[in-house]
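Values below: every heavy atom of this structure, side chains too, minus hydrogens, waters and symmetry copies. Below, chains carry the letters A, B, ... as their sequence lines are ordered, and counting in each starts from 1. Keep in mind that what you see is a predicted model, and the values were worked out from it rather than measured.
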Amino acid sequence: MTTRPDRRWFERDAPVVGPDLLNKLLVVTVDGITCSGRIVETEAYMPDDPASHTFRGLSLRNAVMFGPPGHLYVYLSYGIHQCANVVTGPAGSGQAVLIRAVEPVDGLDVMRARRRRPDRELANGPGKLCQALGIGAAHDGVDLLASDVAIVDDGVGSPTHPVVGPRVGITRATATPWRFRVPVE
DNA sequence: GCCTGGATTGTCT
DNA sequence: GACAATCCAGGCA
């Protein structure tokens with residue numbers, strides 16, 4: 001059985017939604033093809049965080065992050081890689097949860113064709129999961145509650161003891177323990 | 001198999 | 001003009 005979180009679920013603070021997103025399914029339908037993956041790693045970003053895009057205030061690129069919660073924020077990194085974020089917190093708060101990694105569930109064939117990489121590298125990174133699932137700039141700002149991109153709960157529930165650690169790959173605020181991932185079973 | 005270094009494009013100051 | 005929440009290839013153990 002699968003359920004989908006409501007708007008209120010996304011309206012909580014990023015450090016709260018982050019661990020709750022673990023074990024949820026990210027379902028993306030592009031060109032009539034549906035791909036999904038289990039979220040295994042996330043990171044929380046707050047407006048008072050020097051590493052956050054919203055730290056310096058509103059801009060064209062991060063406008064979605066200041067919008068209502070439950071929306072998808074897709075941004076470009078290094079010009080070629082894109083990363084998917086889930087907007088959280090009350091509208092205008094500028095919070096988001098970065099989806100760092102997913103575990104492929106459905107649409108493996110499509111993902112392999114898109115990635116042309118070994119299975120273990122299909123979606124184990126922010127840029128990779130976007131490419132594997134087919135997330136692009138066209139999905140920037142879409143509503144996760146009413147679009148081809150959705151977050152669903154398959155009944156597994158989030159881990160009781162998610163692994164929490166410092167964020168990596170960024171140059172600022174690396175000491176903030178807002179990286180969450182599913183424990184290795 | 002693990003680690004290190006370089007590449008690459010869009011956005012903001 | 002400089003920076004960025006990364007990825008991939010290559011080299012060494």
What do you reckon, is CZ of A/Arg4 surrounded by more than 12 foreign heavy atoms closer than 6.0 Å?
no
Minimum-distance nucleotide to A/Arg117 side chain [options: B/dT11, C/dA9, C/dC7]
C/dA9
Kindly say if A/Arg115 contacts the phosphate of C/dC8, meaning a side-chain N or O under 4.0 Å from OP1 or OP2.
yes
Rounded to the nearest angstrom, tell me the gap between atom OH in A/Tyr78 and atom P in B/dT9.
14 Å
Check if the side chain of A/His53 and the base of C/dA4 share a donor-acceptor pair of N or O atoms closer than 3.5 Å.
no
A/Arg38 and A/Glu103 ion-paired at < 4.0 Å:
yes
Rounded to the nearest angstrom, tell me the gap between atom CG in A/Asn62 and atom P in B/dT11.
12 Å
Tell me if a side-chain donor or acceptor on A/Asp154 pairs with a main-chain N or O of A/Val156 at a distance below 3.5 Å.
yes
Counting Watson-Crick and G-U wobble pairs only, both distances under 3.5 Å, name the nucleotide matched with B/dT8, or none.
none
Considering only C/dC7, B/dT8, C/dA5, which nucleotide approaches the side chain of A/Ile80 most closely?
B/dT8
Any strand, both distances under 3.5 Å, Watson-Crick or G-U wobble: C/dA5 pairs with none
With a non-hydrogen cut-off below 4.0 angstrom, is A/Leu76 in contact with a base, only sugar-phosphate, or nothing?
sugar-phosphate
Are A/Arg120 and B/dG1 close enough that a side-chain N or O sits under 4.0 Å from OP1 or OP2?
no
Near-parallel close stack of A/Tyr45 and C/dA5 base (under 5.5 Å, under 30°):
yes
If I take atom CG in residue A/Leu60 and atom C1' in nucleotide B/dT13, what distance separates them, rounded to the nearest angstrom?
14 Å
Report the distance from atom NE2 of A/His81 to atom P of B/dA7, rounded to the nearest whole Å.
14 Å
Once you round it to whole Å, what is the distance between P of B/dT13 and CG of A/Leu58?
11 Å
Using whole Å, what does the distance between atom P of nucleotide C/dC3 and atom CZ of A/Phe55 come to?
17 Å
Taking A/Asn62 for its side chain and A/Gly57 for its backbone only, find out whether a donor-acceptor pair lies under 3.5 Å.
yes
What is the distance from CD of A/Gln82 to P of B/dG10, rounded to the nearest Å?
11 Å
Whole-Å gap separating C1' (C/dA5) and CZ (A/Arg181)
17 Å
So which of A/Tyr75, A/Tyr73, A/Tyr45 actually passes side-chain hydrogen bond (donor to acceptor under 3.5 Å, both in side chains) with A/His53?
A/Tyr73
Under 5.5 Å between ring centres and under 30° between planes: true for A/Tyr75 and the base of C/dA5?
no
Where the side chain of A/Met65 is defined as all heavy atoms beyond and including C-beta, which of B/dT11, C/dA5, B/dA7 is the nearest nucleotide?
C/dA5
